Every structure is written in structure tokens, then in C-alpha cells.
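What you see is a predicted model, and the numbers here were worked out from it, not measured in a lab. Convention: sequence-line order gives letters A, B, ...; per-chain numbering from 1.
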Amino acid sequence: MVMKTRIKNILREKPLGETVIICGWVRTRRDTGGFSFIEVSDGSCLANLQIIADDRLDNYQSEIKQLSTGASVIIEGELKASPAKGQEVEVHATKIAVVGKADPETYPLQKKRHSFEFLREISHLRPRTNALGAVGRVRSRLSYAVHQFFQERGFVQVHTPIITTSDCEGAGEMFQVTTGKAGGKEEHFFGRPAGLTVSGQLQAEVYALALGDVYTFGPTFRAEKSNTSRHLAEFWMIEPEMAFCDLQGNMQIAEEMLKYLLADAMTHCPEDMELFDKFIEKGLLQKLQGVTEQEFAHITYTEAVDRLKKAKKQFEFPVEWGLDLQSEHERYLTEEVFKRPLTVTDYPATIKPFYMRVSDDGKTVAAMDILVPGIGEIVGGSQREERYDVLAARMSGAGITLADYQWYLDLRLYGSVPHAGFGLGFERLIQFVTGMTNIREAIAFPRTPGFAPC
RNA sequence: UCCUCGGUAGCUCAGUCGGUAGAGCAGGUGGCUGUUAACCACCUUGUCGGCGGUUCGAGUCCGUCCCGGGGAGCCA
């Protein structure tokens with residue numbers, strides 16, 4: 001194995017005069033007289049490294065001058081200060097090995113800008129572009145920051161099951177899991193119908209009532225035929241669950257976490273974030289900076305309904321206490337009224353799932369949604385119903401067979417405590433942080449109805 | 001799933017009243033001693049999304065299906 005130096009480190013440390021070995025992919029080649037400029041990316045950072053290759057290289061005519069976008073190379077050379085504008089340093093190659101060619105007649109990626117729609121058709125090649133590569137790095141960093149945030153605060157990560165026999169009411173359609181031996185006497189492998197999880201919440205509650213503060217961070221599946229810029233059939237969700245915690249505490253940790261993650265991306269991925277700010281969403285950095293500095297707005301559902309009723313704006317859908325807020329209503333509130341993240345709490349019990357805690361008024365539940373400009377709902381959570389009888393009644397009302405969820409009810413039978421939690425859509429967070437308008441750019445391999453090419 | 005706008009060269013797109021298809025970029029060849037989406041000259045590229053219909057004739061009109069964008073519902 002070669003002792004490669006990553007371009008990120010070269011650009012940070014700039015070890016002038018030293019011999020370095022770069023392993024990467026050609027982005028572009030420019031010839032001029034007796035030598036060529038080759039820009040190489042190795043994925044470690046946004047920036048390319050400029051390589052000077054001249055005709056003293058024994059394969060200059062035979063291979064170097066044929067190098068095209070996408071080809072893989074191993075380059076050995078001396079790092080020198082660059083005399084021209086555009087880059088501080090460059091490598092004067094003493095040896096260039098062409099590892100893998102990329103036929104320019106058929107290689108789909110060109111030097112110019114491609115539409116994201118086109119890049120989606122080549123999801124196996126699109127991380128080689130500046131924008132998707134940057135998303136990949138930021139996503140990785142944010143994934144790390146999620147763990148860091150919770151671990152710093154003593155939360156324990158729980159790996160909740162991917163295959164489950166419990167539906168989480170109100171969380172959409174489940175994909176069914178079978179052995180594939182259809183026809184004849186198909187038996188349920190797990191003894192009863194099973195599916196891919198739509199949420200780890202119910203199981204996270206089990207561990208919260210044992211370990212205190214826990215979180216899950218894993219894939220989630222929804223068999224909804226949703227075809228929008230903010231829905232995926234397979235997505236990642238962060239779900240903290242906290243024992244001895246009420247709605248207030250829940251709101252606090254959610255706001256703290258969002259701000260922590262935004263700040264982390266700006267601190268640790270400055271070049272990538274600058275790319276988004278420049279080419280994807282103008283003013284992105286200012287927006288994110290503002291979010292980290294300001295307190296989130298907070299209103300109750302009832303106040304939201306009042307505001308919407310008094311609004312001069314004409315809405316397509318009716319506003320009435322008891323009806324759920326529509327997208328247009330949420331967007332109006334967060335984008336036009338408050339112009340910052342907005343937490344809406346205390347929704348009518350009739351429009352929220354059984355597990356949310358019924359408030360003293362008997363009409364509302366201790367629910368919270370965090371709405372964000374441009375995306376809408378990014379967090380959905382609640383204080384959970386910890387009273388056995390109230391929960392059982394709510395479940396029966398929702399048409400749930402109590403016996404199937406006795407394990408969930410047991411949590412209220414033995415040492416029940418007030419507890420709360422929420423779900424944060426990881427891809428929606430990535431959208432918000434990168435400015436990507438379509439969620440299909442926020443995940444490496446998006447799965448949507450009719451689309452799962454590899 | 002519904003509404004709406006699209007699908008034309010490898011990519012981005014133009015194509016008038018129905019008369020048989022074009023531009024930029026990419027790619028190829030040659031030129032250029034420091035380029036930066038390099039530059040200059042020349043050259044190549046088409047199942048006009050699929051199927052069916054109307055017509056002497058369809059990229060263009062009609063039907064239908066597939067795919068994509070935007071919006072909605074569901075939600076994270």
C-alpha cells in the first residue's frame with residue numbers, strides 16, 4: 001500500500017519542499033506547450049490539488065496527455081509554492097501512475113455543472129461532483145456531531161430493531177417483511193406479521209425507563225407513495241427519549257441540539273459550507289448563524305390558529321380549531337410571521353397519536369413540532385402518556401388491540417415516570433444545513449416510490 | 001395518490017402555422033512555455049420518452065402509459 005498524503009492535510013500544513021504521494025481522481029487537465037496542469041481530487045476536501053506534469057515524465061506523451069476527467073492516478077512529486085493565482089501550492093510530479101482510465105466518450109460526468117436531476121440517475125458517480133461530495137462530508141460530520149452531542153450529555157445510544165412487529169400509529173405505512181416464500185402456506189417468520197420500523201420510539205421508551213436518557217439514530221422506513229422534495233421511503237432519524245422529562249425539557253433539548261449541529265457544521269466544514277452558501281443557497285451561512293444566535297419562536301396550536309385566522313393572507317385550506325395545520329399554514333408562520341424556527345405545541349388530541357400525553361384541559365396533548373423556514377416540520381415530538389388508564393383508553397379509542405402492546409403498557413404499570421422525546425429527520429436537517437432543496441440530495445442512495453437502482 | 005409543468009445530441013436547451021432537426025457545452029484532431037469552466041481552428045454526434053391514432057406528411061395535433069420537476073396529502 002502506498003503511503004498516501006491526503007489533499008486536505010497538504011493544503012492545511014503546506015509542507016513546501018517535501019515529497020508527497022497523492023491518490024485521487026482527475027478533475028480536469030489543461031495542456032500548454034511542453035507541460036500539463038492536472039487538477040486532482042481525492043475526496044478529502046472540496047479543493048483540488050494542482051499537479052504540474054511535464055514531458056520529462058516517461059509516460060507524458062503516452063498516458064498523461066490522454067488523461068481525462070474521472071481517471072484515477074497515483075502521483076509522486078514535490079510540493080512547491082505556486083507562482084500563479086488560484087492556488088497557493090502545487091505538486092511538481094516526478095512520477096504519475098495511471099491506475100484506472102475513464103473513457104471520455106462514455107464517462108457521464110463533465111467538467112461543467114450538471115443538474116441534480118441528471119446526477120440522480122447516476123447515483124454511483126455523483127459523489128464525485130463538488131456539491132454531492134460536499135454533502136457527503138457534511139453528512140458524515142453531522143452524524144458524528146449527533147453522537148457527540150448526546151454522549152457529552154450522558155445519553156445512551158440504543159440500537160432499536162429494524163424489523164418490528166409493532167406499528168407506531170400515525171407514522172405512516174409499514175413495509176412488510178416476509179421470507180419471500182409466497183404462495184402455499186406462507187408462515188410468518190416471527191410468528192406474526194412483521195415489518196420494517198417506522199420509528200424506534202416505542203422501543204426507545206423501554207430503554208429510557210431503564211437507563212434514563214437515551215437516543216436512537218438509525219434508518220426508518222415508510223411505505224407511503226410520497227413524491228415530494230422532503231420525503232424518502234428510507235431515511236435516518238434521531239430519536240432521543242428522556243425519563244423524568246416534560247414537554248418543556250423536550251423543547252429545550254431539541255433547540256439546543258439543532259443549534260449545536262448547525263454550529264458544528266459551520267465550524268468543521270467551512271469550505272463545503274461556503275460552497276453551499278455560494279452556489280446552492282445564497283445567504284445560507286447568515287441564515288444558519290442567525291438560527292444559532294436567536295431563540296426559537298414558540299406558540300401553542302391555539303395561538304397559531306388565532307394568528308392564522310387574523311392573517312390577511314388568503315389560505316387554500318380552512319383554519320379551524322381541531323383541524324390540522326396545513327403546509328401553507330406552517331410555512332406562513334415560520335417563513336412570513338416569525339422568519340425563524342418555530343415550535344408549535346399543545347395540539348388537539350384528536351389529530352395526534354395515542355402515545356402523546358393528554359393535558360389537564362382534556363382537549364390537547366403535550367405535543368411539539370419544530371417548523372423551519374423552507375422545509376417545514378423538521379422535529380416532531382411529545383411528552384408521552386405515562387398514566388396506564390389514560391393510555392389504555394386512548395389506545396382502545398384508536399382501535400388498537402391492547403394485548404399486542406402489553407409490553408408498552410407494562411412500562412406504565414411498573415415504575416412509570418413522566419417522559420418525553422422527539423424525532424429529528426436527519427435528511428431534513430441535512431437539507432436545512434446544506435440548502436439542498438430536494439431531500440434526494442441529502443442521502444447517498446435515495447429510495448423513493450419506483451426508485452432504488454442499486 | 002391528486003393538481004400542474006416538462007421529456008429533442010453525452011449534458012443544458014431552442015425548434016414559428018403540421019412540411020422531415022439546431023445552438024452552446026462536452027468529445028475527437030491539430031496549435032499554443034504558467035493554465036484556472038484555459039484559449040484558437042476544424043470535425044463527429046439523434047429510436048425527438050414508449051405505444052397507438054389523425055394526416056399525403058407528426059418533434060409539433062389527439063389518446064394512453066412510463067419517467068422527471070414544482071405544489072398538495074401523509075409525515076421526519
Residues, nucleotides or ligands: over 12 heavy atoms within 6.0 Å of A:Lys14 NZ: yes

Please work out whether the ring planes of A:Phe155 and A:Phe150 are parallel, tilted or perpendicular, with thresholds of 30° and 60°. tilted

Taking the P atom of each, how far is B:C11 from B:G46, in whole Å? 13 Å

Would you say A:Phe426 stacks on B:A76, if stacking means ring centres under 5.5 Å apart and planes within less than 30 degrees? no

Using a cut-off of strictly less than 4.0 Å between a heavy atom of the residue and any atom of RNA chain B, enumerate the qualifying residues of residues 371-381 of chain A by number. A:Glu377, A:Ile378, A:Val379, A:Gly380

For atom CZ of A:Arg27 and atom P of B:A26, their distance in whole Å: 17 Å

Would you mind reading off the distance between A:Ile439 atom CD1 and B:C74 atom C1', rounded to a whole angstrom? 14 Å

Syn or anti for B:U33, with syn set at within 90° of 0? syn

Between C1' on B:C75 and CE on A:Met356, what's the gap in Å once rounded to a whole number? 11 Å

Classify the nucleic acid contact of A:Phe35 as base, sugar-phosphate or nothing, counting any heavy atom under 4.0 Å across all strands shown. base

Roughly how far apart, to the nearest Å, are B:G15 and B:A23 at atom C1'? 11 Å

Spacing between A:Tyr60 atom OH and B:U33 atom C1', to the nearest angstrom: 11 Å

Does A:Gly34 reach a base, just sugar-phosphate, or nothing at all? Heavy atoms under 4.0 Å. nothing

May I ask you to say what A:Phe118 touches in the nucleic acid, namely base, sugar-phosphate or nothing, with a heavy-atom cut-off under 4.0 Å? sugar-phosphate

Could you check which of B:G34, B:G28, B:G10 has an atom nearest any side-chain atom of A:His92? B:G34

Polar-atom pairs under 3.5 Å, protein N or O versus N or O of nucleotides 65-72 of chain B: list them with distances, or write none.
residue : atom : partner  : partner atom : Å
B:G69   : OP1  : A:Arg120 : NH1          : 2.2
B:G69   : OP1  : A:Arg440 : NH1          : 2.8
B:G69   : OP2  : A:Arg440 : NH1          : 3.0
B:G70   : OP2  : A:Asn438 : ND2          : 3.4

Test: salt bridge (charged side-chain N to carboxylate O under 4.0 Å, His left out). Region: residues 114-125 of chain A. Which pairs qualify, not counting sequence neighbours? A:Arg120-A:Glu441

When you compare B:C48 with B:U8, how far apart are their C1' atoms, in angstrom units rounded to a whole number? 4 Å

Counterpart residues, salt bridge (Lys or Arg N to Asp or Glu O under 4.0 Å), relative to A:Arg153 (two or more places apart): A:Glu256

Separation of B:C74 P from A:Glu224 CD (nearest whole Å): 10 Å

Partners of A:Ser72 by side chain to side chain donor-acceptor pair (under 3.5 Å), sequence neighbours excluded? none

NZ/NE/NH1/NH2 to OD/OE distance under 4.0 Å, A:Lys339 and A:Glu335: no

Run the side chain to side chain donor-acceptor pair (under 3.5 Å) test against A:Asn48 and tell me which residues pass, sequence neighbours left out. A:Glu39

Donor-acceptor contact present, side-chain A:Arg230 to main-chain A:Ile439, <3.5 Å: no

Once you apply a heavy-atom cut-off of 4.0 Å, does A:His231 come out as touching a base, just sugar-phosphate, or nothing? base

With heavy atoms under 4.0 Å as the rule, sort A:Ile238 into base, sugar-phosphate or nothing. nothing

Are A:Tyr207 and A:Val156 close enough that some pair of their side-chain heavy atoms sits under 4.5 Å apart? no

Backbone N or O of A:Asp246 within a donor-acceptor pair of the A:Gln383 side chain at under 3.5 Å? no

From the options A:Thr164, A:Thr216, A:Thr160, A:Thr197, select the one residue that forms a side-chain hydrogen bond (donor to acceptor under 3.5 Å, both in side chains) with A:Gln203. A:Thr164

Identify whether any heavy atom of A:Glu105 sits under 4.0 Å from a base atom; if not, whether one sits that close to sugar-phosphate; answer base, sugar-phosphate or nothing. sugar-phosphate

The criterion is salt bridge (Lys or Arg N to Asp or Glu O under 4.0 Å); which residues satisfy it with A:Asp264, sequence neighbours excluded? A:Arg141

Give the table of side-chain donor-acceptor pairs shorter than 3.5 Å for residues 311-322 of chain A, with sequence neighbours excluded, one pair per line with atom names and distance.
residue  : atom : partner  : partner atom : Å
A:Lys313 : NZ   : A:Glu336 : OE2          : 3.0
A:Glu320 : OE2  : A:Lys309 : NZ           : 3.1
A:Trp321 : NE1  : A:Thr302 : OG1          : 2.9

Using heavy atoms to find the nearest nucleotide of RNA chain B for A:Lys65 and A:Pro108 separately, return the residue whose nucleotide is more 5′. A:Pro108

In whole Å, measure the gap between the P atoms of B:G68 and B:A21 for me. 31 Å

If you pin A:Asp369 and A:Leu325 to their nearest nucleotides in RNA chain B, which one's is more 5'? A:Leu325

Where does RNA chain B pair, written as one dot-bracket string 5' to 3', with Watson-Crick or G-U pairs under 3.5 Å, ( ) inside the strand, [ ] for crossing pairs and | for another strand? (((((((..((((.....[..)))).(((((.......))))).....(((((..]....))))))))))))....

In whole Å, measure the gap between the P atoms of B:U54 and B:G63 for me. 15 Å

Nearest whole Å is fine: how far is B:U45 C1' from A:Gln110 CD? 13 Å

For atom CZ of A:Arg126 and atom P of B:G10, their distance in whole Å: 22 Å

C1' atom, B:C62 versus B:U55: distance in rounded Å? 12 Å

Would you indicate whether the side-chain heavy atoms of A:Phe217 and A:Trp236 approach each other to under 4.5 Å? yes

Find every protein N or O atom lying less than 3.5 Å from an N or O atom of nucleotides 35-39 of chain B, and list the pairs.
residue : atom : partner  : partner atom : Å
B:U35   : O2'  : A:Arg30  : NE           : 3.0
B:U35   : O2   : A:Arg30  : NE           : 2.8
B:U35   : O2   : A:Arg30  : NH2          : 2.7
B:U35   : N3   : A:Gln50  : OE1          : 2.9
B:U35   : N3   : A:Gln50  : NE2          : 3.1
B:U35   : O4   : A:Gln50  : NE2          : 2.7
B:U35   : O4   : A:Gln87  : NE2          : 2.9
B:U36   : O2   : A:Gln87  : OE1          : 3.2
B:U36   : N3   : A:Lys85  : O            : 2.8
B:U36   : N3   : A:Gln87  : OE1          : 3.1
B:U36   : N3   : A:Gln87  : NE2          : 3.4
B:U36   : O4   : A:Lys85  : N            : 3.4
B:U36   : O4   : A:Lys85  : O            : 2.3
B:U36   : O4   : A:Gln87  : NE2          : 3.4
B:A38   : OP1  : A:Lys111 : NZ           : 2.8
B:A38   : OP2  : A:Arg30  : NH1          : 3.1
B:A38   : N6   : A:Asp31  : O            : 3.0

Which atom pairs, one a donor and one an acceptor, fall under 3.5 Å between side chains of residues 341-351 of chain A and the rest of the protein, sequence neighbours left out?
residue  : atom : partner  : partner atom : Å
A:Thr345 : OG1  : A:His298 : NE2          : 2.9
A:Tyr347 : OH   : A:Asp369 : OD2          : 3.4

Salt bridge (charged side-chain N to carboxylate O under 4.0 Å, His left out) pairs, two or more places apart, involving residues 442-454 of chain A: none

Rounded off to whole Å, could you give me the CD-to-C1' distance for the A:Gln201 and B:C75 pair? 14 Å

